[in-house]
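Structure, as structure tokens:
Residue numbers start from 1 in every chain, and the chains themselves are labelled A, B, ... in the order their sequence lines are given, proteins ahead of strands. This one's a predicted model, so the numbers in the text were calculated from it and none came from an experiment.
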There are 2 protein chains.
Amino acid sequence: MPKPETDPTTQLDLRVDRSSPVPLYFQLSQQLEAAIEHGSLTPGSLLGNEIELAARLGLSRPTVRQAIQSLVDKGLLVRRRGVGTQVVHSQVKRPLELSSLFDDLEAAGQRPATTVLLNTVVAASAEIAAALAVAEGSEVHRVERLRLAHGEPMAYLCNHLPSGLLDLDTGQLEATGLYRLMRAAGITLHSARQSIGARAAVPAEAERLAEEEGAPLLTMQRTTFDDTGRAVEFGDHIYRPTRYSFEFQLLVRP
Amino acid sequence: MPKPETDPTTQLDLRVDRSSPVPLYFQLSQQLEAAIEHGSLTPGSLLGNEIELAARLGLSRPTVRQAIQSLVDKGLLVRRRGVGTQVVHSQVKRPLELSSLFDDLEAAGQRPATTVLLNTVVAASAEIAAALAVAEGSEVHRVERLRLAHGEPMAYLCNHLPSGLLDLDTGQLEATGLYRLMRAAGITLHSARQSIGARAAVPAEAERLAEEEGAPLLTMQRTTFDDTGRAVEFGDHIYRPTRYSFEFQLLVRP
DNA sequence: GAGTGGTCTAGACCACTGT
DNA sequence: CAGTGGTCTAGACCACTCT
């Protein structure tokens, strides 16, 4: 008995352009991802097997597997031996990424504003030197910023960067986020180590953020590394918890 | 002129066991990871090219690539076109994972203790029903626990689970973490959506955690999904920020 | 037993990097 | 220019799940 036709990918207009410089597996994964987001591939639906999909597109099976695997890694698909490949139910919206507060706010439509309070070179304290793996007392950039949304202060951001890594223009810092400037300067961000906590506001912090002394604050320290393993940034940030919280999705490593 | 021998993998005793049920690429990636952790492969060192490594081990290039790629995904290696594969500098210790507080504490050698305050079935409130995607008023498990370390309260954990998913034994809940029980029950955790914030303690919370009223607290809400997309758990947790903070490493998605 | 994904091979050509 | 990783092919066999 022939199997009933239930492969939802047959309903899709999947095709690849072999003259494009975009890798074939990437073209396919993008189209599948778009179909999932658009709703053409409904959650729970079983994709047809890889061999048939490869034949239909004129691709080899490893290439199709690579496309599917990239979506599995993103959490959009689940593969089960002996069963098949399924679209995951429920929303997978924002996988955790190394996002800047600036990008977060912009994505939320909040039109963030930044006031640069300080942008100078200082001698590294013991703590900063340890975080950035530079000699204590050596020159580092220090940037202090106040981030506002809707005219209200939202966070106080203090960052230190190794000297000579990047030209930090105050105007640019007020127009965009630090990470964008670093990427634009050719720095390939690789990983970051974060610590998120909470504590009571001391008087200076309270005043900067328009809070009461002793008010709860959300804190984050982060050291960011580029792909050569250099520490490229150490941030000590304070957020008003009534205005901001950390929201993210994470995937369980298989 | 022959290239000078600088491939550090030639110094390693790499070998694969073809009679083992463990995949060849996995055997190789484990050995490379062990060499990196052990220091035999020093940060920044350039691995020899894939073809030679494959030939030396009697493997095909795709298999070697798969092994290397898994370590790239873990953040231990960096590949550059035209250059080679390098061991990343600096520590990559704990990539972010869906960890339970119990596991976190145990890993830190803190011998966590748990007191189950409540373990019962209740009707789902609107908030709980929405988080778990069940009907409002339907039966759900409610578990309230106090987590202690060194005899001091550290966190108050309130969790809701869909009814019938899991038998929640109070004794087991005091001996281990909720996630371990779920995994042991055959539930494959897939993803979670988290929100981390802060607020002031209300009187009831202050008393439970031995804090003052108004003291800053670290909060976390989390909905966990299994690989079929079902919400399997909703947690509302409160931490004493003087005793606990969220520490994790994250990788930049390429 | 039929169908699926998981693994593996032995090649090939291309794109990019650094000399 | 030589050497590297990035992509791709056309097969093969195995392990697992479900009926």
Report task. Please say which of Val140(A), Leu132(A), Leu178(A) ends up in a side-chain contact (heavy atoms from CB on, under 4.5 Å) with Leu161(A). Result ->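 Of Val140(A), Leu132(A), Leu178(A), side-chain contact (heavy atoms from CB on, under 4.5 Å) with Leu161(A) is met by Leu178(A) alone.
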**Report entry** Identified side-chain hydrogen bond (donor to acceptor under 3.5 Å, both in side chains) counterpart of Asn159(B) within the set Arg142(B), His141(B), Arg222(B), Glu233(B)
**Finding:**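 One option only clears the test, and that one is Glu233(B).
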Query raised in the report: Using a heavy-atom distance cut-off of less than 4.0 Å, which residues of residues 23-34 of chain B contact DNA chain D?
Result: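 Per residue number, the list is empty: none.
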Query raised in the report: If you check the Ser60(B) side chain, which of dT4(D), dA10(C), dT9(D) turns out closest?
Result: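 Of dT4(D), dA10(C), dT9(D), dA10(C) is nearest to the side chain of Ser60(B).
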Rounded distance in Å - [atom1] ([X]) to [atom2] ([N]):
{"X": "Glu52(A)", "N": "dT4(C)", "atom1": "CD", "atom2": "P", "result": "8 Å"}
{"X": "Ile51(A)", "N": "dG3(C)", "atom1": "CD1", "atom2": "P", "result": "12 Å"}
{"X": "Gln66(B)", "N": "dT9(C)", "atom1": "CD", "atom2": "P", "result": "10 Å"}
{"X": "Gln69(A)", "N": "dG6(C)", "atom1": "CD", "atom2": "P", "result": "7 Å"}
{"X": "Leu47(B)", "N": "dT4(D)", "atom1": "CG", "atom2": "C1'", "result": "13 Å"}
{"X": "Leu59(B)", "N": "dC8(C)", "atom1": "CG", "atom2": "P", "result": "8 Å"}
{"X": "Glu50(A)", "N": "dT9(D)", "atom1": "CD", "atom2": "P", "result": "14 Å"}
{"X": "Ile68(B)", "N": "dC8(C)", "atom1": "CD1", "atom2": "P", "result": "14 Å"}

Distance check: side-chain N/O of [X] vs OP1/OP2 of [N], anything under 4.0 Å?
{"X": "Arg79(A)", "N": "dG6(C)", "answer": "yes"}
{"X": "Thr63(B)", "N": "dT9(C)", "answer": "yes"}
{"X": "Asn49(A)", "N": "dG3(C)", "answer": "no"}

Report task. Could you list all the salt bridge (charged side-chain N to carboxylate O under 4.0 Å, His left out) pairs where at least one residue sits in residues 130-140 of chain A, not counting sequence neighbours? Result ->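 Found none.
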Query raised in the report: Which pairs, with at least one residue in residues 24-33 of chain A and sequence neighbours excluded, count as a salt bridge (charged side-chain N to carboxylate O under 4.0 Å, His left out)?
Result: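 Output for this query lists Glu33(A)-Lys74(A).
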Query raised in the report: Is there a side-chain contact between Ser20(A) and Gln27(A) (heavy atoms, below 4.5 Å)?
Result: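 Answer yes - side chains close enough.
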Expected rows: protein N/O vs nucleotides 11-13 of chain D N/O, under 3.5 Å:
unit_1: dA12(D); atom_1: N6; unit_2: Arg61(A); atom_2: NH1; d: 3.2

Partners of [X] by salt bridge (Lys or Arg N to Asp or Glu O under 4.0 Å), sequence neighbours excluded?
{"X": "Asp227(B)", "answer": "Arg80(A)"}
{"X": "Glu50(A)", "answer": "Arg61(A), Arg65(A), Arg79(A)"}
{"X": "Asp167(A)", "answer": "none"}
{"X": "Arg56(B)", "answer": "Asp7(B)"}

Query - side-chain contact (heavy atoms from CB on, under 4.5 Å) involving Thr176(A) - partner list, sequence neighbours excluded - result: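 Once residues adjacent in sequence are excluded, the partners of Thr176(A) under the side-chain contact (heavy atoms from CB on, under 4.5 Å) criterion are Phe102(A), Arg180(A), Leu181(A).
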**Report entry** For Ser19(A), side-chain contact (heavy atoms from CB on, under 4.5 Å) partners two or more places apart
**Finding:**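 Checked Ser19(A) against side-chain contact (heavy atoms from CB on, under 4.5 Å); matches are Asp17(A).
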Query raised in the report: Mapping Thr85(B) and Val64(A) onto DNA chain D by nearest heavy atom, which one lands closer to the 5' end?
Result: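 Per heavy-atom nearest nucleotide, the more 5' residue is Thr85(B).
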**Report entry** ring pair (Phe, Tyr, Trp, His ring centres under 6.0 Å) against Tyr25(A), all qualifying residues, sequence neighbours excluded
**Finding:**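 Once residues adjacent in sequence are excluded, Tyr25(A) has no partner under the ring pair (Phe, Tyr, Trp, His ring centres under 6.0 Å) criterion.
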Between protein and nucleic acid, restricted to nucleotides 16-19 of chain D and to nitrogen or oxygen atoms under 3.5 Å apart, what atom pairs and distances do you find?
unit_1: dC16(D); atom_1: O4'; unit_2: Arg81(A); atom_2: NE; d: 3.3

Requested in this report: Under 4.0 Å between any heavy atoms, over every strand shown, what does Arg65(B) touch: base, sugar-phosphate, or nothing? Just pick one.
Outcome: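 Arg65(B): base contact, heavy atoms under 4.0 Å.
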